[in-house]
Amino acid sequence: MKKIIVFAMMLVASATAIAQDEIETTISGDIVSNYIWRGQDLGNVSLQPTLGIGYKGLSLTAWGSVGLSDPSDTKEFDLTLAYTIGGLNIGVCDYWFDNGPEPRYFKYDAHSTSHLFEANIGYDFGFASLQWFTNFAGNDGINKDGKRAYSSYVEVAVPFKLATVDWAATAGVVPWATTSYETTGFAVTNLSLKATKAIKVTDSFSIPVFGEIVGNPCSQKAYLVFGLTLQP
């Protein structure tokens with residue numbers, strides 16, 4: 001009997017170990033001096049938590065943003081389902097903002113919802129990554145003809161290391177007119193340079209901090225952002 005119990009305990013421990021190896025969990029939170037997204041100013045000092053799970057390239061991630069210095073800043077809650085295989089990645093994101101046409105979260109009517117649905121595809125070449133995002137449903141912007149714009153954004157990011165610091169240079173464009181990005185045609189909306197470094201607190205704990213310079217040639221605006229990431 002004792003041997004059976006020990007064997008059962010070994011099976012449970014092995015199954016638990018396998019599950020822990022295969023399923024990844026992400027729990028983190030960023031604090032940023034400004035909420036700048038794709039060259040757009042979406043808020044002041046903000047807390048941005050992340051909770052996600054991943055299994056063999058498939059991931060489901062919840063992300064949010066809430067203003068700390070200005071309570072009237074937009075509150076955001078996003079859900080992203082993504083799949084990565086090799087350098088290729090595809091995904092679908094459900095954005096929700098509390099200042100949209102419908103304050104209720106569980107309201108998905110085509111012409112009154114505050115949800116915005118976006119699909120993306122991209123490839124990481126190692127030395128650079130290319131991503132294409134397109135809104136396909138929900139509270140999208142309109143084009144010059146007053147019709148759904150299928151607002152899109154294309155981004156190229158180049159990571160590099162300099163003086164023990166991780167850097168990334170990014171360029172993003174909006175290919176056509178849309179009120180979502182306040183563009184009247186093809187426009188460069190995001191030129192950024194970001195530096196990230198982990199600050200060691202103890203032998204087993206460090207805090208990644210980052211600084212980013214962002215310029216939006218379309219809106220003629222520029223920002224300097226500081227942030228830190230808290231994670232287990």
Side-chain angles (χ1 to χ4, degrees), residues 20-59 61-69 76 78 80 82-91 93 120-133 153-173 188-217 221-232:
Q20 289 177 342
D21 288 341
E22 293 180 343
I23 299 177
E24 300 177 350
T25 302
T26 301
I27 304 173
S28 66
D30 289 346
I31 299 175
V32 295
S33 59
N34 289 88
Y35 177 15
I36 307 299
W37 180 74
R38 299 179 183 175
Q40 295 180 295
D41 185 355
L42 299 186
N44 299 294
V45 180
S46 300
L47 172 64
Q48 300 175 337
T50 298
L51 176 62
I53 56 173
Y55 177 75
K56 292 186 176 180
L58 183 66
S59 65
T61 305
W63 184 93
S65 183
V66 59
L68 294 178
S69 60
E76 181 178 346
D78 307 336
T80 302
Y83 181 69
T84 300
I85 180 169
L88 178 67
N89 66 86
I90 57 175
C93 183
N120 79 281
I121 185 170
Y123 197 89
D124 188 345
F125 298 92
F127 63 90
S129 64
L130 175 65
Q131 299 286 334
W132 182 294
F133 305 86
Y153 174 80
V154 186
E155 182 177 277
V156 176
V158 179
F160 61 97
K161 201 172 188 68
L162 180 64
T164 71
V165 176
D166 294 321
W167 294 78
T170 301
V173 303
V188 179
T189 60
N190 182 22
L191 296 175
S192 68
L193 182 64
K194 183 178 181 179
T196 304
K197 184 176 178 62
I199 305 300
K200 185 176 180 180
V201 179
T202 67
D203 291 339
S204 60
F205 180 69
S206 61
I207 299 177
V209 298
F210 56 89
E212 185 174 17
I213 297 172
V214 182
N216 185 333
K221 294 182 179 180
Y223 313 91
L224 178 60
V225 180
F226 172 81
L228 57 87
T229 301
L230 302 176
Q231 57 189 6

Would you please name every residue forming a salt bridge (charged side-chain N to carboxylate O under 4.0 Å, His left out) with Asp166, sequence neighbours left out? Lys161
Could you tell me the separation between the CG atom of Asn216 and the CG atom of Asn190, rounded to the nearest 0.5 Å? 7.5 Å
Do you know which two heavy atoms are closest between Ser206 and Lys200, and how far apart they sit? CB-CA, 3.9 Å
I'd like to know whether Val201 forms a side chain to side chain contact (heavy atoms under 4.5 Å, CB included) with Ile207, so could you lay out the CA-CA distance, the side-chain angles of the two residues, the decisive distance to 0.1 Å, and finally the verdict. CA-CA 7 Å; Val201 179; Ile207 299 177; 4.0 Å; yes
Is the count of non-hydrogen atoms from other residues, nucleotides or ligands lying under 6.0 Å from Ile199 atom CD1 greater than 12? yes
Out of curiosity, Gln131 CD to Tyr153 OH, how far, rounded to the nearest 0.5 Å? 10.5 Å
Thr229 and Asp30: side-chain donor and acceptor closer than 3.5 Å? yes
Rounding to 0.5 Å, atoms CG (Asn120) and CZ (Phe133) come to a distance of 5.0 Å
From Leu224 CG over to Glu212 CD, what is the distance, rounded to the nearest 0.5 angstrom? 9.5 Å
List the atom of Thr84, the atom of Gly86, and the distance in Å for their closest heavy-atom pair. CG2-O, 3.7 Å
Suppose we screen for side chain to side chain contact (heavy atoms under 4.5 Å, CB included). Which residues come up paired with Pro217, at least two apart in sequence or across chains? Val188, Leu191
Side chain to side chain contact (heavy atoms under 4.5 Å, CB included) between Leu68 and Asn44: does it pass, once the steps are laid out? CA-CA 8 Å; Leu68 294 178; Asn44 299 294; over 6 Å; no
Under a 4.5 Å cut-off applied to non-hydrogen side-chain atoms, are Thr50 and Gln231 in contact? no
In residues 32-42, what donor-acceptor pairs under 3.5 Å come from side-chain atoms, sequence neighbours left out?
from  : atom 1 : to     : atom 2 : distance (Å)
Ser33 : OG     : Phe226 : N      : 2.9
Ser33 : OG     : Phe226 : O      : 3.3
Tyr35 : OH     : Glu76  : OE1    : 2.6
Arg38 : NH1    : Glu118 : OE2    : 2.9
Arg38 : NH1    : Tyr181 : OH     : 2.8
Arg38 : NH2    : Glu118 : OE1    : 3.3
Gln40 : NE2    : Ser180 : O      : 2.9
Asp41 : OD1    : Gly43  : N      : 3.2

Under 3.5 Å donor-acceptor, Asp124 side chain and Gly87 backbone: no
Determine whether Ile90 and Ile85 make a side-chain contact, defined as any pair of heavy atoms from C-beta on separated by less than 4.5 Å. no
What residues, two or more places apart in sequence or in another chain, satisfy ring pair (Phe, Tyr, Trp, His ring centres under 6.0 Å) together with Trp132? none
Between OG of Ser46 and CD1 of Ile31, what distance do you get to the nearest 0.5 Å? 10.5 Å
Roughly how far, to the nearest 0.5 Å, is the OH atom of Tyr83 from the CG atom of Asn89? 11.5 Å
Where is the tightest heavy-atom contact between Pro159 and Ala157, given as atom of each residue plus distance? CD-O, 3.8 Å
I'd like to check the ring pair (Phe, Tyr, Trp, His ring centres under 6.0 Å) partners of Tyr123; sequence neighbours left out, ordered by chain and number. Phe125
Student check: side-chain heavy atoms of Val214 and Thr170 closer than 4.5 Å: no
Holding to side chain to side chain contact (heavy atoms under 4.5 Å, CB included), I want the full list of residues that pass it with Ala128, two or more places apart in sequence or in another chain. Val158
